[in-house]
**Q** 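Structure provided below as C-alpha cells; questions to follow.
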Number of protein chains: 2
Amino acid sequence: MDFNEKQIDILLAAERLFATKGFDGTSVRDIAHEANVNVAMINYYFGSKDKLLDTFFEWRVPDFMINVDELALIENALDKIDAMVDRSIKSMNSHRKLYHIITIESSLKQRMLVSAAFRKLKLHNLEVISSVINEGVAQGVFKGGNDPILIHSMMMGTFMNFQMNYSFLQEQLRIASDTEYARYIETTLTQFIQKTIKALLTYEK
Amino acid sequence: MDFNEKQIDILLAAERLFATKGFDGTSVRDIAHEANVNVAMINYYFGSKDKLLDTFFEWRVPDFMINVDELALIENALDKIDAMVDRSIKSMNSHRKLYHIITIESSLKQRMLVSAAFRKLKLHNLEVISSVINEGVAQGVFKGGNDPILIHSMMMGTFMNFQMNYSFLQEQLRIASDTEYARYIETTLTQFIQKTIKALLTYEK
DNA sequence: GTTTAAATTAAACGTTTGTTTAACTTTGTC
DNA sequence: GACAAAGTTAAACAAACGTTTAATTTAAAC
C-alpha cells in the first residue's frame with residue numbers, strides 16, 4: 001500500500017475533516033478544497049467516498065496494533081500491564097482523531113470494510129490483554145475471575161471518553177491547550193488506567 | 001414541555017433512526033415515513049431538523065440525572081457507590097441509543113443547545129460522584145488521592161464502549177439477543193464497574 | 001517529435017437534502 | 001352554520017450531495 005503525494009494529501013485532508021465534522025458531515029468538495037485538489041481526483045484515485053474511508057483506515061490500522069514482541073521481553077506481570085496500557089494509549093492518542101471517527105462510523109453502520117478491519121484490530125488487542133492477564137494469574141500474581149473483555153472495554157472506553165468529551169474535560173481539568181491535554185492523557189490518564197487494572201486484578205472481594 | 005400524540009410519534013421515530021443511522025445519516029423524510037406523518041409536519045412542529053434534535057434531547061435529559069435524594073438515604077459509603085453506579089447505568093441503558101447519538105453529536109460539533117444541556121448533565125453527575133467519594137474519604141472508608149473526574153470518566157467510558165462496540169461485544173460474549181445484552185449491562189457490567197471503583201478507592205499503592 | 005497513457009480540469013449529471021409554499025381539511029368557538 | 005385557527009397535504013423550492021463526463025494538459029516511451 002503505497003500512495004503518491006497527492007493521494008496522501010487527500011488522506012490527510014480527509015482525516016482532519018472527518019475528525020471535526022464526521023464522515024457524513026464532510027463532503028468530497030470539502031476534502032478536495034482542504035487538500036487543494038480537484039473534486040474528481042478523489043473518485044479518480046479512491047473510487048468513491050466510502051472507499052476513501054476504507055482505504056484510509058487500512059492505511060492507519062497497523063499503528064493501533066499492540067506490539068506483542070515488545071511485551072514478550074517483559075517478565076514481571078505488573079510491568080507487563082503497565083507497558084501494555086502505555087503502548088495502547090500512546091498509539092491511540094497519536095491518531096486519536098482517526099480512532100474517534102472510526103469508532104463512530106463503525107458504531108453507526110456496518111460499513112463492511114472498515115468494520116471488518118476494526119474488528120480484527122480489537123480482536124488482536126483483546127487477545128494480547130487476555131494473554132497478559134492469564135499469564136499473571138498463572139504466576140499467582142493476579143487473582144482469577146476477571147473477564148479480560150471487561151478490562152479491555154474499561155481501558156478502551158475510558159480513553160474514548162476522553163476523546164468524545166474532550167471540551168468538557170479540558171474545562172473541568174483546567175487544561176488550556178490541546179498539546180497539554182494530549183500530555184495529560186499519556187501521563188495521568190495512563191497511570192490511572194494502569195492503577196485501575198492492577199487494583200482490579202489484586203482486589204480481594 | 002408537553003407534546004401531542006403526533007409530536008411524540010416524530011420524537012420516537014427520530015430516536016429510532018438517529019440511533020441506527022446517526023443524525024446526518026437520517027433525513028427528515030426518513031423520520032416522516034417512520035412516524036407516518038407528512039414531511040412538513042416536522043418543520044411545522046419543531047421548526048427545523050436541528051431544533052428537533054435539541055427538543056428531543058431536552059425532552060429526555062431529566063432521565064439521565066442521578067437522583068441525589070435517593071442516595072442521601074444510604075449511609076454506608078460502599079453501598080452508596082453501588083447504588084450510584086446501578087442507577088447511572090440503568091438510566092443510561094434505558095435510553096442507551098439516545099445517549100449514543102447525543103455523545104456522538106456533541107463530540108463532533110458544538111451544537112449549542114444539545115451541548116449545553118449535555119454539559120449540565122455531566123456536571124451534575126460528576127458532582128454527585130464527587131460528593132459520594134469525598135464522603136467516603138472523610139469517613140476513612142476510602143483512600144484519598146483519587147480524582148473523581150477520572151472515576152466518572154471510567155464509568156461513563158466503560159458503559160459507552162458497550163454501546164459503541166456492541167456488535168463486537170455481543171459476538172465476543174456470545175450474547176444472541178439485544179434484550180440479553182441489555183440484561184448483561186445491568187448485571188455483569190454494573191457489578192464490574194462497582195467492583196472496579198471500590199477496588200480503586202481501597203487500593204494500597 | 002510523435003504516440004500513448006496518466007493526470008487534471010471545469011462542467012454537468014441525476015439524486016437527495018432541508019425547507020417552504022399554497023391549497024385543503026379538520027377542529028373548536030360563538 | 002359561519003368563522004378563525006390549527007392541522008395536514010402534495011408539490012415545488014433552491015442548495016448540496018457524490019459521481020461522471022469529455023476535454024485538456026502533463027509525463028513517459030520509443
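None of the values given here were measured: they were computed from a predicted structure. All chains are named by letter (A, B, ...) in the order of the sequence lines, taking the proteins before the strands, and each is independently numbered beginning at 1.
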**Q** Taking CD1 from B:I10 and C1' from D:dT8, how many angstroms apart are they, rounded to a whole number?
**A**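 So the two atoms are 11 Å apart, to the nearest Å.
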**Q** Look at B:E15 together with B:K97 and state whether they make a salt bridge at an N to O cut-off of under 4.0 Å.
**A**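 So B:E15 does not pair with B:K97 through a salt bridge.
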**Q** Between B:F118 and B:Y99, is the ring centroid distance below 6.0 Å?
**A** yes
**Q** For A:D30 and A:G47, take the nucleotide of DNA chain D holding the closest heavy atom to each; which residue's nucleotide lies nearer the 5' end?
**A**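 Its nearest nucleotide lies further toward 5', so the answer is A:D30.
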**Q** Measure from CD on B:E5 to C1' on D:dG7 and round the result to the nearest Å.
**A** 14 Å
**Q** Grab the CG-C1' distance between B:D9 and D:dG7 for me, whole Å please.
**A**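 About 14 Å, once rounded to whole Å.
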**Q** Heavy atoms under 4.0 Å, any strand shown: does B:F46 hit a base, just sugar-phosphate, or nothing?
**A**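 Here B:F46 touches no strand at all.
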**Q** Are there over 12 heavy-atom neighbours, none belonging to B:Y166, within less than 6.0 Å of that residue's OH?
**A**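 Not buried by this count: 12 neighbours or fewer within 6.0 Å.
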**Q** I need the residues from residues 33-43 of chain A with at least one non-hydrogen atom less than 4.0 Å from DNA chain C; give them sorted by number, or say none.
**A**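 Per residue number, the list reads A:N38, A:A40, A:M41.
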**Q** How long is the line joining CD1 of A:I31 and P of D:dA16, in whole Å?
**A**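 The answer, rounded to whole Å, is 17 Å.
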**Q** For B:E70, enumerate each residue passing the salt bridge (Lys or Arg N to Asp or Glu O under 4.0 Å) test, keeping only those at least two apart in sequence or located in another chain.
**A** B:R87
**Q** Begin with the C-alpha distance, continue with both residues' side-chain angles, and end with the deciding distance and a verdict on side chain to side chain donor-acceptor pair (under 3.5 Å) for A:S153 and B:N161.
**A** CA-CA 6 Å; A:S153 286; B:N161 191 64; 3.2 Å; yes
**Q** Apply salt bridge (Lys or Arg N to Asp or Glu O under 4.0 Å) to B:K21 and list each qualifying residue two or more places apart in sequence or on a separate chain.
**A** B:D30
**Q** Check nucleotides 22-26 of chain D for protein N or O atoms closer than 3.5 Å to its own N or O atoms and list the pairs.
**A**
none

**Q** Can you give me the first and the last nucleotide of DNA chain C (5' to 3') that has an atom within less than 4.0 angstrom of a non-hydrogen atom in chain A?
**A**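 The contacted stretch runs from C:dA6 to C:dA12.
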**Q** Determine which pairs satisfy salt bridge (Lys or Arg N to Asp or Glu O under 4.0 Å) with at least one residue from residues 176-188 of chain B, sequence neighbours left out, and list them in order.
**A** none
**Q** Under the criterion side-chain contact (heavy atoms from CB on, under 4.5 Å), which of A:I89, A:D82, A:N93 is the partner of A:T190?
**A** A:I89
**Q** What's the OH-C1' distance between B:Y44 and D:dT8, to the nearest Å?
**A** 9 Å
**Q** side-chain contact (heavy atoms from CB on, under 4.5 Å) for B:K80 and B:E75? Distances and angles first, verdict last.
**A** CA-CA 7 Å; B:K80 227 167 193 166; B:E75 285 186 28; over 6 Å; no
**Q** Hey, does A:Q7 have a side-chain heavy atom less than 4.5 Å from the side chain of A:M41?
**A** no
**Q** Distance-only, no hydrogens or angles: does the A:N76 side chain make a donor-acceptor pair with backbone N or O of A:D79 under 3.5 Å?
**A** yes
